[in-house]
Amino acid sequence: MTNMKRYMIFLLCWHSLAQANTCMLTDAYVFNRSIKQSDQIKIEQKRLEEKDNDLNDFDALYDGSLNTSLSHQIDKSDRTQTIFGTRADTTSFESTYNQNFAAGFSAEAGFRHIRQKTNNTFIDLNPAYNSAWFGSISVPILYSVQRSNQALRESFQHSIQSTNAAFLYTKQQIGFGALQTYILWIQAHKEIVLAQETLDRAQQYLSTTTQLYESGLVEQSSYFAAKANVSARHADVIATQNNYNTLHTDLTHLLRLPIDATCTYADDFQQLAEKPFKIYEQNISQRHDVKALDHQITSIQIALHSYEKEKRPSLDAFTSLALNDVNEQFAGSIGGSVSSFQPNWTIGGRLSIPFKNTQLNTKLKRSKIQVEQIVLQKKKILREIQRDLQNTWNTLDLLEQQIQQRQETMSFEKKKIEATRKEYELGRESLLTLLLYEQDFVQIKRALLQLEAQKAIEHYLLELLSGQIDFQRGAS
């Protein structure tokens, strides 16, 4: 292989590796990817799946059941009269299917067969086969387990909706936390450049001061002050770099990116559309965690209504019909049971009147207390949201005023530096003064950067508090 080919392969491999560890970050990407990659979100999703699965428990009432029994009995017990024989053999078979229906009634149908044989010679049919088909229907009139089950199912569905709503707000909180880290990461990245720029100015100041000190034009105190300034600026660069490294680790952890990934970003913080305070204020009742409380209240109220119905008497109407035939042949008894009409028909009713209902009364009282508790909790949360919204709005207004003031200061500082530079070129001002002014200007830029970063965070906090923070674009 030629050196040129080796070089080309090396370039391709390096390019592929560089591409794999490179990412372009945006607010939408950070928000969505942090949610997608969050372990907490994955755990919450499993809890939702578990609740959805538990909903199937309410369908168990409508699961049909087939019960079959087969037995053979030999009875040779001692008897007071032996004229009817001293041994009786009985073979029994029964198969029954039971089914509850969502409409409110229940049904049962089945087949029963009994074979009886004795050692008594006076019995005409020995053995005797008795086959019977039977069925029954029970219809509730005042109260039914099925209707109660439907109510509890609806209650549980609202409980699932409550969990899902709380889950949506958790996603917003995780996305906001990632955005906050991302904005601070951008700030730290830019501060490294400014800190280094300040250090460069300090080093230029030290160099000039050293020359003047060696020439005897400045005092020793000025020389050591310049050295101390360099030392302080150098320490600031180290601290700023360390802060950036920490935020970079946190951000790559949240986004599940390689820790050595090289990420780029937009030059400026994203500016959100300005909205009147009333827009944020009027949406707080629609915040997902607030709606979760509403679903909790509805869930308990539905269950409470069901418990109240259970306290009432229950009345069921029922009817049953059995058709059988007795024959000395097995096939004959089965055939006769379906071809001849020898009915055993029953119709009636069952009335059950509960007394005291200690357990139900306890459930009712507990449910009412829970509703009152959640209502109070909702009022508390809404008041806290209102307070936090107002505080965040005031903070944003203050930050905007501070930013404008800093920008105005920067404008004056620029003019001061330009004037000082011209005076220095004319020999009317010292280089030391110019360097100090330039160093101060960088510090003002840094303070402005911090204010802009805080403003971006507070703006997203306003969106979170009102439940409106969201990005429609997906993450990759």
Side-chain angles (χ1 to χ4, degrees), residues 26-28 30-32 34-35 38 40-41 44 161-188 247 250 254 268-298 371-409 446-472:
T26 64
D27 293 41
V30 169
F31 183 86
N32 288 308
S34 65
I35 293 172
S38 170
Q40 183 180 350
I41 290 299
E44 294 297 328
Q161 291 174 353
S162 174
T163 304
N164 187 61
F167 171 66
L168 292 175
Y169 188 65
T170 300
K171 290 171 70 174
Q172 290 182 323
Q173 288 177 305
I174 289 173
F176 168 77
L179 284 174
Q180 187 176 28
T181 302
Y182 171 59
I183 291 169
L184 293 174
W185 175 81
I186 294 176
Q187 175 191 331
L247 288 167
D250 291 343
L254 289 171
D268 297 320
F269 301 114
Q270 181 172 331
Q271 297 296 319
L272 301 181
E274 297 291 341
K275 303 176 186 175
F277 183 74
K278 287 185 178 180
I279 297 297
Y280 296 110
E281 194 175 31
Q282 69 188 15
N283 283 308
I284 60 177
S285 61
Q286 297 302 310
R287 212 172 83 168
H288 292 304
D289 58 333
V290 176
K291 292 172 71 175
L293 295 176
D294 290 335
H295 284 298
Q296 282 188 42
I297 293 172
T298 303
V371 169
E372 293 171 357
Q373 181 182 0
I374 297 173
V375 168
L376 290 173
Q377 184 181 355
K378 179 182 175 182
K379 290 180 179 178
K380 175 177 176 290
I381 288 176
L382 288 174
R383 285 197 302 270
E384 290 175 349
I385 295 172
Q386 183 72 36
R387 177 202 64 196
D388 295 342
L389 272 176
Q390 189 64 59
N391 288 338
T392 306
W393 181 265
N394 293 340
T395 301
L396 268 173
D397 183 59
L398 176 61
L399 287 169
E400 184 62 38
Q401 293 180 45
Q402 291 177 326
I403 288 172
Q404 291 176 4
Q405 190 64 45
R406 287 287 180 178
Q407 288 172 342
E408 184 179 349
T409 303
R446 191 168 175 180
L448 179 60
L449 173 64
Q450 293 171 353
L451 291 173
E452 290 173 341
Q454 189 59 37
K455 177 186 174 183
I457 292 173
E458 293 294 325
H459 210 157
Y460 276 125
L461 178 58
L462 205 60
E463 295 283 316
L464 174 68
L465 290 171
S466 60
Q468 300 179 71
I469 187 169
D470 193 19
F471 290 89
Q472 297 301 320

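Values reported hereafter were calculated over all heavy atoms of this structure, with side chains retained and with hydrogens, waters and symmetry mates removed.
Judged by distance alone, the side chain of Glu458 and the main-chain N or O of Leu396 form no donor-acceptor pair under 3.5 Å.
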- Task: Begin from the C-alpha positions of Leu465 and Arg287 and carry the test side chain to side chain contact (heavy atoms under 4.5 Å, CB included) through to its verdict.
- Result: CA-CA 8 Å; Leu465 290 171; Arg287 212 172 83 168; 4.0 Å; yes
- Go through the steps for His288 and Phe167 under the test side chain to side chain contact (heavy atoms under 4.5 Å, CB included), then give the verdict. CA-CA 8 Å; His288 292 304; Phe167 171 66; over 6 Å; no
- Query: Hey, mind stepping through Glu452 and Leu448 against side chain to side chain contact (heavy atoms under 4.5 Å, CB included) and telling me if it holds?
  - Reply: CA-CA 6 Å; Glu452 290 173 341; Leu448 179 60; 3.9 Å; yes
- Task: May I have the step-by-step check of side chain to side chain contact (heavy atoms under 4.5 Å, CB included) for Phe269 and Leu449, ending in yes or no?
- Result: CA-CA 10 Å; Phe269 301 114; Leu449 173 64; 3.9 Å; yes
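Residues satisfying the ring-ring contact (aromatic ring centres under 6.0 Å, His included) criterion with Tyr182, sequence neighbours excluded, are absent altogether. Residues satisfying the side chain to side chain donor-acceptor pair (under 3.5 Å) test with Asp397, not counting sequence neighbours, are Gln401. Remark: His459 engages no residue in a ring-ring contact (aromatic ring centres under 6.0 Å, His included) (not counting sequence neighbours).
By the 4.5 Å heavy-atom criterion applied to side chains, Gln373 and Leu376 are not counted as neighbours. Inter-residue side-chain proximity for Leu179 and Ile469 is flagged as met; some heavy-atom pair is nearer than 4.5 Å. Contact check for Ile385 versus Val290: side-chain heavy atoms found under the 4.5 Å cut-off. Under the 4.5 Å side-chain criterion, counting only non-hydrogen atoms from C-beta, Asp294 is in contact with Lys378.
Note that CD1 of Ile297 and CD of Glu372 are 11.0 Å apart. Values are rounded to the nearest 0.5 Å. How far CG of Asn164 is from OG1 of Thr170: 10.5 Å, rounded to the nearest 0.5 Å. Between the CD atom in Gln40 and the CD atom in Gln173 there is a gap of 8.0 Å [rounded to 0.5 Å]. Lys380 contributes atom NZ, which lies 11.0 Å from atom CG of Leu382 (distance to the nearest 0.5 angstrom).
Salt-bridge annotation for Glu463 and Lys275: present, with a side-chain N of the basic residue lying under 4.0 Å from a carboxylate O of the acidic one.
In this structure, Gln468 and Ile279 approach most closely via the heavy-atom pair NE2-O, 3.8 Å. The shortest non-hydrogen separation linking Ile183 to Ala456 is CD1-CB, 3.8 Å. Nearest heavy atom pair, residue Tyr280 against residue Ser466, reads CD2-OG, 3.4 Å.
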